[in-house]
Amino acid sequence: MFFLETIKIVNFRCYDIKQFNFHPNRNIIIGHNAIGKTSLVEAIYCLCFGKSFKNIKDSELIRLNETFYRIEAEFESDHMKEKVAVVYDSTNKRIEKDSKTYKTISEYVGTYNVVVFSPDDLEFIKGSPSIRRQFLDIYMGQMDRSYLQALIRFKRLLKERNELLKETHKPIDKTLLKLLTEAYVKEAEVIIRKREAFIKQLNQALKTQAQHISSDKEWVELVYKPNINGDNLVNNFA
């Protein structure tokens, strides 16, 4: 178990330089409008996940007229102190934990799990399926590294396959297309199976919580319906 003990924010959003200390139990952030409450939450998320929960570029997080931002913090985990820093200098991003520097965000994701709820989450219900897939990817990726790696490979293979299909100046290399398709299908099957298992676990937790707040035997159940059934992936993409 870990908790965020202190966080120091430099040139991030509305903050020039500011440090906050937290209690190991519940913390409530209060203040007037536009004072920086959401920016603090965003900094904590960025520190734990490596990027903002909003769909924006890192350059947009830098304070006006500055060239970099830095978020550093100290966590306590099993009575041990852990120091973490996320730095972006308008060109490169660097994530450090104690004496280790992470080469990629995916390597760091899952070190500290974080969940955020915001008004934008209404789009989870009303928005497109891509928003719901993004929800699964963000939170499953933090808990299951094999899912995250499968997702990274899946997106890379999809991009390579699409680029190959777009080539018009020469005949398509059917052997390469077949290899990319087979690899792509393999990763897609992993992703679908893991999403199905995650939704099943989520339903179990949802049922337990629903019974605590309602005596009604009926309860909401989440259903995962991929556009293409995993059993038919090969037939559809081959």
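By convention here, the first residue in the shown sequence is residue 1.
- When all heavy atoms of Ser106 and Leu148 are compared, the closest pair comes out as O-CD2, 3.5 Å.
- Of the possible polar contacts, none joining the Lys186 side chain to the Phe154 backbone as a donor-acceptor pair under 3.5 Å is found.
- When side chains are defined from C-beta on, Tyr139 does not count as touching Asn113, because their heavy atoms never get closer than 4.5 Å.
- Here the closest heavy-atom approach between residue Arg94 and residue Glu96 is recorded as NE-OE2, 2.5 Å.
- Residue Lys51 places its NZ atom among 12 or fewer non-hydrogen atoms of other residues, nucleotides or ligands, all under 6.0 Å distant.
- To the nearest 0.5 Å, the span separating NZ on Lys83 from CD on Glu5 amounts to 10.5 Å.
- Contact between Gly31 and Lys37 at its shortest, heavy atoms only, is O-NZ, 3.1 Å.
- Aromatic ring pairs are classed by plane angle as parallel below 30°, tilted from 30° to 60° and perpendicular above 60°; the pair Phe12 and Tyr69 is perpendicular.
- Between Gln142 atom CD and Arg145 atom CZ the span is 10.5 Å, to the nearest 0.5 Å.
- Tyr147 and Arg195 are linked by a side-chain donor-acceptor pair at a separation below 3.5 angstrom, with hydrogens and angles left out of the test.
- Residues Val84 and Tyr112 have side chains in contact (heavy-atom distance under 4.5 Å, counting atoms from C-beta outward).
- Comment: Arg193 engages Glu196 in a salt bridge, judged by a side-chain N to carboxylate O separation of less than 4.0 angstrom.
- Both Leu222 and Met140 are members of a single hydrophobic cluster when ILVMFWY side chains are connected at heavy-atom separations under 4.5 Å.
- Both Phe75 and Ile105 are part of a single hydrophobic cluster, where members link through side-chain heavy atoms under 4.5 Å apart.
- In this structure, Lys93 contributes its side chain and Gly50 its backbone to a donor-acceptor pair below 3.5 Å.
- The neighbour count for Asp16 CG, taken as heavy atoms of other residues, nucleotides or ligands under 6.0 Å away, is above 12.
- Residues Lys54 and Ser118 bring no donor and acceptor atom of their side chains to less than 3.5 Å of each other.
- To the nearest 0.5 Å, the span separating CG on Asp173 from CG on Leu177 amounts to 8.5 Å.
- Of all heavy-atom pairs spanning Val190 and Ala150, the tightest one is CG1-CB, 3.9 Å.
- With hydrogens and angles ignored, the 3.5 Å screen pairs a side-chain donor or acceptor of Tyr15 with a backbone N or O of Gly36.
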Test side-chain contact (heavy atoms from CB on, under 4.5 Å) on Glu160 and Leu164; report intermediate values, then the result. CA-CA 6 Å; Glu160 292 177 1; Leu164 180 64; over 6 Å; no
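- The heavy-atom pair separating Asp89 from Asn92 by the smallest distance is OD1-N, 2.7 Å.
- Summarising the geometry of Ile17 relative to Lys8, their closest heavy-atom pair is CD1-CE, 3.6 Å, with the distance given to 0.1 Å.
- Using a 3.5 Å distance cut-off with no hydrogens or angles, the side chains of Glu42 and Ser52 do pair a donor with an acceptor.
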When you look at Gln201 and Met143, which way does the side-chain contact (heavy atoms from CB on, under 4.5 Å) test go after all the steps? CA-CA 13 Å; Gln201 291 179 325; Met143 297 182 293; over 6 Å; no
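- Distance alone, capped at 3.5 Å, places no donor-acceptor pair between the Arg13 side chain and the Leu61 backbone.
- Put simply, the side chain of Phe198 reaches to within 4.5 Å of the side chain of Leu202, judged on heavy atoms.
- Under the ring-ring contact (aromatic ring centres under 6.0 Å, His included) rule, Phe135 has a single partner from Phe53, Phe124, Phe117, which is Phe124.
- Using a cutoff of 4.0 Å between basic side-chain nitrogens and carboxylate oxygens, Glu182 and Lys178 are scored as salt-bridged.
- A donor-acceptor pair under 3.5 Å is absent between the side-chain atoms of Asn203 and the main chain of Glu221, judged by distance alone.
- Side-chain atoms of Asp144 come within 3.5 Å of backbone atoms of Ser146 as a donor-acceptor pair (strictly under, hydrogens ignored).
- Residues Leu64 and Ile35 fall into different hydrophobic clusters, defined by Ile, Leu, Val, Met, Phe, Trp and Tyr side chains chained together at heavy-atom separations under 4.5 Å.
- Using a 4.5 Å cut-off on side-chain heavy atoms (C-beta onward), Leu47 and Val114 make no contact.
- With a 4.5 Å cut-off on side-chain heavy atoms, Ile172 and Glu167 do not count as touching.
- Considering only heavy atoms from C-beta on, Gln134 stays 4.5 Å or farther from Glu123 through its side chain.
- Considering Asp58, Thr91, Val10 as possible partners of Phe68, the one that fulfils the side-chain contact (heavy atoms from CB on, under 4.5 Å) test is Val10.
- When side chains are defined from C-beta on, Arg132 does not count as touching Leu136, because their heavy atoms never get closer than 4.5 Å.
- Phe3 and Ile7 fall into different hydrophobic clusters, where Ile, Leu, Val, Met, Phe, Trp and Tyr residues are linked whenever their side-chain heavy atoms come under 4.5 Å apart, directly or through other members.
- Using modelled atom types, one side-chain atom of Tyr88 and one backbone atom of Ser90 make a donor-acceptor pair closer than 3.5 Å.
- Glu82 places a side-chain heavy atom less than 4.5 Å from the side chain of Asp98.
- More than 12 heavy atoms of other residues, nucleotides or ligands sit less than 6.0 Å from atom NZ of Lys81.
- With rounding to the nearest 0.5 Å, the separation of CZ in Arg153 from CZ in Arg156 is 7.5 Å.
- Annotation: the span from Lys225 atom NZ to Ile199 atom CD1 amounts to 13.0 Å, rounded to 0.5 Å.
- In this structure, Val109 is a member of the same hydrophobic cluster as Val115, with clusters built from ILVMFWY side-chain heavy atoms closer than 4.5 Å.
- In this structure, Phe22 CZ and Ile29 CD1 are separated by 5.5 Å, a value rounded to the nearest 0.5 Å.
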